[in-house]
Amino acid sequence: MVTGEGMIRILYFAQLREMFNREQENVSLTESITTLADLRRVLGERGTRWITLMQNNKTLAAVNQQLAGDDCVLRAGDEVAFFQPVTGG
Amino acid sequence: MNRIQQNDFNVAGEYARLEQQDNTGAIVTFTGLVRTEDDGEAVASLTLEHYPGMTEKTLQAVEDEACSRWPLNQVCIIHRVGNLKAGEQIVFIGVSSAHRAAAFAACEFIIDSLKTNVMLWKKQTDVAGVSKWLTQKAEDVEKNARWKTE
């Protein structure tokens with residue numbers, strides 16, 4: 001981790017955890033990531049599966065355990081979660 | 001009161017706690033079970049995944065909203081996570097109030113809100129061992145939306 005460069009933690013749940021084959025990861029908040037929309041775009045650059053799911057309107061997000069829209073501004077230390085619509089009950 | 005747990009719950013025990021308050025004239029409970037059949041498929045089990053921390057917060061928000069909308073004495077919501085076999089209990093909702101109208105309405109509101117707002121995901125495994133993640137039903141979204149306009 002470069003000094004002065006913040007990290008965010010990303011969590012993936014259920015279908016997305018399996019599709020991306022990971023529960024969580026840390027990502028650097030580079031200059032190209034200011035908002036949740038930027039994060040989706042950057043993660044989408046990883047490949048077809050990533051871009052399809054990151055641009056899918058059924059892929060929802062929470063920032064620090066609050067539902068968040070694409071315009072949400074990300075800050076160092078944030079916990080970002082990606083998941084599809086819930087199915088409990 | 002609400003909790004997320006792997007262990008089973010005892011409906012009679014939870015009901016007994018709901019009775020223990022003066023001026024309770026009505027108790028409504030709902031228990032959800034793992035169906036043995038879903039869309040014609042024989043179901044072996046469900047695996048419930050949750051987001052520790054946010055699941056509890058979203059469940060508390062549902063309880064808080066129910067308490068702000070109706071005059072309730074007690075609310076008890078229990079949701080299980082982990083692997084649950086067909087026929088097992090998944091969710092319990094118990095509501096007590098002075099009168100039945102509030103208890104019926106609040107109980108239905110809680111299960112409808114829970115299905116669309118609380119961080120829980122179901123993976124269903126059939127008797128042949130094939131698993132799939134269930135998707136949110138439009139019917140559940142409509143039922144929850146109904147509460148926003150009333």
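Chain letters run A, B, ... following the sequence lines, proteins first, then strands; residues in each count from 1. If you're wondering where the values come from, they're calculated on a predicted model, not measured in any experiment.
- The local environment of CD in Glu23(A) is sparse, with at most 12 non-hydrogen atoms from other residues, nucleotides or ligands closer than 6.0 Å.
- The number of heavy-atom neighbours closer than 6.0 Å to CZ of Arg49(A), taken from other residues, nucleotides and ligands shown, is 12 or below.
- Heavy atoms of Gln15(A) lying under 4.5 Å from chain B belong to its backbone as well as its side chain.
- Counting only distance, with no hydrogens or angles, the side chain of Trp121(B) and the backbone of Gln84(A) share a donor-acceptor pair below 3.5 Å.
- Between the His79(B) side chain and the Gly89(A) main chain, a donor and an acceptor come within less than 3.5 Å of each other.
- Scanning both residues, Lys115(B) and Gly88(A), for their nearest heavy atoms gives CG-O, 3.3 Å.
- Using a 4.5 Å cut-off between heavy atoms, Lys57(B) touches chain A through its side chain atoms alone.
- No more than 12 heavy-atom neighbours from other residues, nucleotides or ligands sit within 6.0 angstrom of CZ on Arg100(B).
- From Thr58(B), atom OG1 reaches atom CD of Gln65(A) across 9.0 Å, with rounding to the nearest 0.5 Å.
- Between atom OG1 of residue Thr55(B) and atom CZ of residue Phe13(A) there is a gap of 7.0 Å, rounded to the nearest 0.5 Å.
- Counted within 6.0 Å of CD on Glu45(A), heavy atoms from surrounding residues, nucleotides or ligands total more than 12; the atom is thus considered enclosed.
- If you measure heavy-atom distances from Leu67(A) to chain B, the contacts under 4.5 Å come from both the backbone and the side chain.
- Annotation: maximal heavy-atom pairing with chain B below 4.5 Å, among Lys58(A), Arg17(A), Gln66(A), occurs at Arg17(A).
- Proximity of a side-chain donor or acceptor of Gln136(B) to a complementary backbone N or O of Pro85(A) within less than 3.5 Å is not detected.
- The number of heavy-atom neighbours closer than 6.0 Å to CG of Asn26(A), taken from other residues, nucleotides and ligands shown, is above 12.
- The most heavy-atom pairs under 4.5 Å with chain B, out of Thr87(A), Asn64(A), Leu11(A), come from Thr87(A).
- The number of heavy-atom neighbours closer than 6.0 Å to CZ of Phe20(A), taken from other residues, nucleotides and ligands shown, is above 12.
- Of the two parts of Asn117(B), only the backbone, made up of N, CA, C and O, holds a non-hydrogen atom closer than 4.5 Å to a non-hydrogen atom of chain A.
- Linking Ile, Leu, Val, Met, Phe, Trp and Tyr residues whenever their side-chain heavy atoms come within less than 4.5 Å places Leu59(B) and Phe30(B) in a single cluster.
- For a residue to count as touching a neighbouring chain, one of its non-hydrogen atoms must lie under 4.5 Å from one of that chain's; by this rule Lys123(B) touches chain A with the side chain only.
- Contacts between Glu18(A) and chain B at a heavy-atom distance below 4.5 Å involve the side chain alone, from C-beta outward.
- Clustering ILVMFWY residues whenever any of their side-chain heavy atoms sit less than 4.5 angstrom apart, transitively, puts Val42(A) in the very cluster that holds Val80(A).
- Leu48(B) and Ile77(B) fall within a single hydrophobic cluster, where Ile, Leu, Val, Met, Phe, Trp and Tyr side chains are chained together by heavy-atom contacts under 4.5 Å.
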